There are 4 protein chains.
Amino acid sequence: MARQKNQAARRAELLAAAAKAISEHGPGKVRVADIAEAAGVAKGSVHYYFKDLDDLLEQVYREAGERYFTQRLDEVTRHADARDKLIACIRMGLPDGPEDQLTGLLYRTGVELPYNPLRAALAEGLTDRQVGVYVGVLEVGRAQGHFRIAEPVQDVAANLVALEDTYASRIIYRRAPGMLDRAMALILGYARAVTGCPGLTPDRIPDPTEEDPAP
Amino acid sequence: MARQKNQAARRAELLAAAAKAISEHGPGKVRVADIAEAAGVAKGSVHYYFKDLDDLLEQVYREAGERYFTQRLDEVTRHADARDKLIACIRMGLPDGPEDQLTGLLYRTGVELPYNPLRAALAEGLTDRQVGVYVGVLEVGRAQGHFRIAEPVQDVAANLVALEDTYASRIIYRRAPGMLDRAMALILGYARAVTGCPGLTPDRIPDPTEEDPAP
Amino acid sequence: MARQKNQAARRAELLAAAAKAISEHGPGKVRVADIAEAAGVAKGSVHYYFKDLDDLLEQVYREAGERYFTQRLDEVTRHADARDKLIACIRMGLPDGPEDQLTGLLYRTGVELPYNPLRAALAEGLTDRQVGVYVGVLEVGRAQGHFRIAEPVQDVAANLVALEDTYASRIIYRRAPGMLDRAMALILGYARAVTGCPGLTPDRIPDPTEEDPAP
Amino acid sequence: MARQKNQAARRAELLAAAAKAISEHGPGKVRVADIAEAAGVAKGSVHYYFKDLDDLLEQVYREAGERYFTQRLDEVTRHADARDKLIACIRMGLPDGPEDQLTGLLYRTGVELPYNPLRAALAEGLTDRQVGVYVGVLEVGRAQGHFRIAEPVQDVAANLVALEDTYASRIIYRRAPGMLDRAMALILGYARAVTGCPGLTPDRIPDPTEEDPAP
DNA sequence: GATGAATGAGTCTTCATTCAT
DNA sequence: GATGAATGAAGACTCATTCAT
């Protein structure tokens, strides 16, 4: 039992170290040695816990996807007002900067590694879930009377995620300085146009009301 | 086998072969040997024409960027009606499928190679030019009385390019089957919402009028 | 074949094997493969212990310099009579033949590798130390009343080392057969002329007295 | 006939260009391309005139040896007084600095190329000739009553050449700054000791008398 | 359980040499 | 006579993976 516990703990440590190493060297360039060093273990140990580098990389990706989605959902549920939900959701979808570990890992892994159908499916699943979140937020907003949406909600949500993806990618890949603020502005511009809700601005002060207060 | 071609011709051949090899193996994984094989020359010959692999890759990228932009601009100028221009422009921005060589090369090179400021600048420049094209189209549409745009035209154009980017990427990376049609629909949905022009549909029949008739 | 030796031992083996390989192929031509073969290990193993070939070469050189100097000093201290010291010192400074590994390595490395300030400094340091040894011997000889030296002792020592250098080089590079004996005769001729000590002949029988008797 | 002339002229040009290229890159590192560039011809042309690189290198070496010897002999014959002859001879034997093309080429080629019996013999022959020159000078000095030499003249000459060799080499290989002056002082110190001629100093003003005045 | 010494396959790069023109 | 495009052999270096301890 204790043994099992250690096994699992070690694995988790390795996964975390790998995430760090990946964000430093890129998923296509991390070496087993980088990961071992980040974890403070010997190179051989990496293979003791993971079949090979690909195996490890896949698990890191999977785990990162979960974490990303969970964080985001948490942030959305924290707000009661759909306008706040929407703004929070967009903000959570954008990385703070090129060094944002979690977002960077997700974007780069999806793209810098040789094509792999499993990973592609994982990525698509993640996208779908994000779309789901936006759909929910939009419907709540409609119910609350804040949003007036003509287009199919699915489509609007898909476009929101798509915009987010591109701008996140531009931040991660340092395509433009000051991208974060510009991205918020642009996405909210689209959101305003499509919801007819003028309150969707970057500087909106969130309504303090907590939804679903902690039990 | 072929010997004694002239410099420029052989260089161009090598560039084309490299583009092909890249689309097969990915810009981060092509080996000099792949390119040589695709061109039907010896490995050493690649280095006769290009300082090193990076040099070659950069030139392929540069050349692809030019070609992509030119093709697109041609397509836009072919139409007189801004609605046709817009639709054509969007369609040209999306790859036919995962095997679309030109688009794939552009997207993947921007992302699958170790970060390089020069390449990042090139990529940004390309994006800016695309935005410029959309701005032009939108203004023509407004002048023609087809589009009624509330948001700043720059922002709308930026979002159009951003949507295009994400959906193109999803096609390239095989994230979803049937993405091409769906992408057209989604982007045009955004365009309709923001221009108030209901004629912007995937099945619109282009007005036969040629702009700028042959001199 | 041998596995799991400890770091230091294997490093030393590699250094020795490299010295051997260098004396066979010359410092400018040894290949990593030669060294690996001489050591009976795989090519990759050489890089496991040394950053690159230059690194290895430098360490071999450094180590050889130390060894050379130590051997020589030992030989000098073994004798009490300055005449014996001088003769021994000269003899130790000359290689036994073109195959003399240690001397050959030192001479050739200083010269057959692309210029490198560090190595040049190392070489100069070695020369200076040799000069120092000769200065010591000459002063002892003067104190013992054997040598009567008109020129500055520093200059005489410098010339002794210089003569030694050339003749050693001629032996190493097989410039002349029978060079060893001729060199001894020539250098001692110089020594006689400059010290006024007729006892400095190649066939002098060393005084058995040990200096610094075992404690 | 004219053809022959051109052939020979081209060969000579190539030889000169090679000498220059060697002094820049070192005899062990010059590439055919360097030589071609220095000569302003195509790479292929080098092989049109010389069987291979080794062949060319050998001829450069041979030619340099002749030139070196001739220059030196000229300088010696220019003076009538043996003291001036000796000083001039020593000075001519030392390179002006690390960039001295002729001397550098000779020293480095003898040493930086894989051992080759032919080249070794060439080098030995050159040394022997230098020794011969010194022997002549010493005997003239003795005849003029300036030198009083106890040791065999052959040995003294051999040592003079040996000292010269080492110090020249140290200059070429940048082993010590200010080596040229120091070398002159040291070699003349030896010369004074062995000839008993106090007039052999670096600052001696040459007797203007020309020996063998131009016809 | 964990290590790290050792490996060898995989790649890029250099460059003398060849030879069609 | 001369060229320079093209080659291919050679060699250094990287790194995931294995396995004896």
Side-chain angles (χ1 to χ4, degrees), chain A residues 3 6-7 10 14 29-36 39-57, chain B residues 1-11 14 29-36 39-56, chain C residues 1-11 14 29-36 39-56, chain D residues 3 6-7 10 14 29-36 39-57:
Chain A
R3 190 125 305 186
N6 279 333
Q7 269 271 20
R10 271 290 211 208
L14 241 12
K29 294 286 181 202
V30 248
R31 294 168 305 142
V32 172
D34 298 325
I35 297 169
V41 302
K43 225 168 22 137
S45 305
V46 174
H47 286 86
Y48 184 75
Y49 286 99
F50 299 91
K51 192 176 130 297
D52 57 25
L53 186 56
D54 263 4
D55 175 31
L56 169 51
L57 256 25
Chain B
M1 295 299 137
R3 280 192 165 232
Q4 300 292 106
K5 292 236 166 173
N6 67 56
Q7 278 268 13
R10 185 45 64 99
R11 253 186 96 85
L14 243 10
K29 296 285 182 202
V30 248
R31 295 167 304 139
V32 172
D34 297 325
I35 296 168
V41 301
K43 245 184 334 162
S45 302
V46 175
H47 287 92
Y48 182 73
Y49 288 96
F50 300 90
K51 197 177 125 303
D52 56 25
L53 187 52
D54 256 13
D55 175 33
L56 171 49
Chain C
M1 294 303 138
R3 279 189 167 234
Q4 300 292 102
K5 292 234 167 179
N6 68 56
Q7 276 268 12
R10 186 43 66 99
R11 252 186 98 84
L14 242 11
K29 295 286 180 199
V30 249
R31 296 167 301 139
V32 172
D34 298 325
I35 296 168
V41 302
K43 249 185 330 164
S45 302
V46 175
H47 287 94
Y48 181 72
Y49 288 96
F50 300 91
K51 197 178 125 298
D52 57 24
L53 187 53
D54 257 12
D55 175 32
L56 171 49
Chain D
R3 188 122 312 183
N6 277 335
Q7 269 270 20
R10 271 291 212 207
L14 240 14
K29 296 286 180 199
V30 249
R31 294 168 306 141
V32 172
D34 299 324
I35 296 169
V41 302
K43 226 171 17 141
S45 304
V46 174
H47 285 88
Y48 184 76
Y49 286 98
F50 298 90
K51 191 176 129 298
D52 57 25
L53 186 55
D54 261 4
D55 176 31
L56 170 50
L57 255 26

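In what follows, chains carry the letters A, B, and so on, assigned in the order in which the sequence lines appear, proteins first and then strands, with residues in each chain numbered from 1. Source: prediction; values computed, not measured.
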Nearest-nucleotide comparison on DNA chain E, the residue closer to the 5′ end among S45(C) and A33(B): S45(C)
How many Å lie between [atom1] on [X] and [atom2] on [N], as a whole number?
X	N	atom1	atom2	answer
D54(D)	dT17(E)	CG	C1'	13 Å
K51(D)	dA16(E)	NZ	P	14 Å
I35(C)	dC13(F)	CD1	P	11 Å
K29(B)	dC12(E)	NZ	P	11 Å
K43(C)	dC15(F)	NZ	P	16 Å
F50(B)	dT7(F)	CZ	C1'	17 Å
Y48(C)	dC13(F)	OH	C1'	17 Å
D34(B)	dG10(E)	CG	C1'	12 Å

Side chains of V32(B) and L56(B) in contact at under 4.5 Å (non-hydrogen atoms): no
Look at the side chain of [X] and decide which nucleotide, out of [options], has an atom nearest to it.
X	options	result
H47(C)	dA16(F), dT3(F), dC13(F)	dC13(F)
A42(B)	dT13(E), dC13(F), dT7(F)	dT7(F)
V41(D)	dT3(E), dT17(F), dT3(F)	dT3(F)
D52(C)	dG11(F), dC13(F), dT17(F)	dC13(F)
L53(D)	dT11(E), dT14(E), dT17(E)	dT17(E)
R31(C)	dG11(F), dT11(E), dT17(E)	dG11(F)

Touch class at under 4.0 angstrom, heavy-atom based, for V46(D) against every strand present: nothing
Value rounded to 0.5 Å, distance of OH in Y48(D) from CZ in R10(D): 10.5 Å
CG on L57(D) to CD1 on I35(D), rounded to 0.5 Å: 6.5 Å
Identity of whatever pairs with dT17(E) - Watson-Crick or G-U, under 3.5 angstrom: dA6(F)
Any-strand Watson-Crick or G-U partner of dT14(F), both distances under 3.5 Å: dA9(E)
Closest non-hydrogen atom pair between K43(C) and A33(C), with its separation: CG-CA, 3.8 Å
Minimum heavy-atom distance D34(B)-R31(B), with the two atoms named: OD1-NH2, 2.7 Å
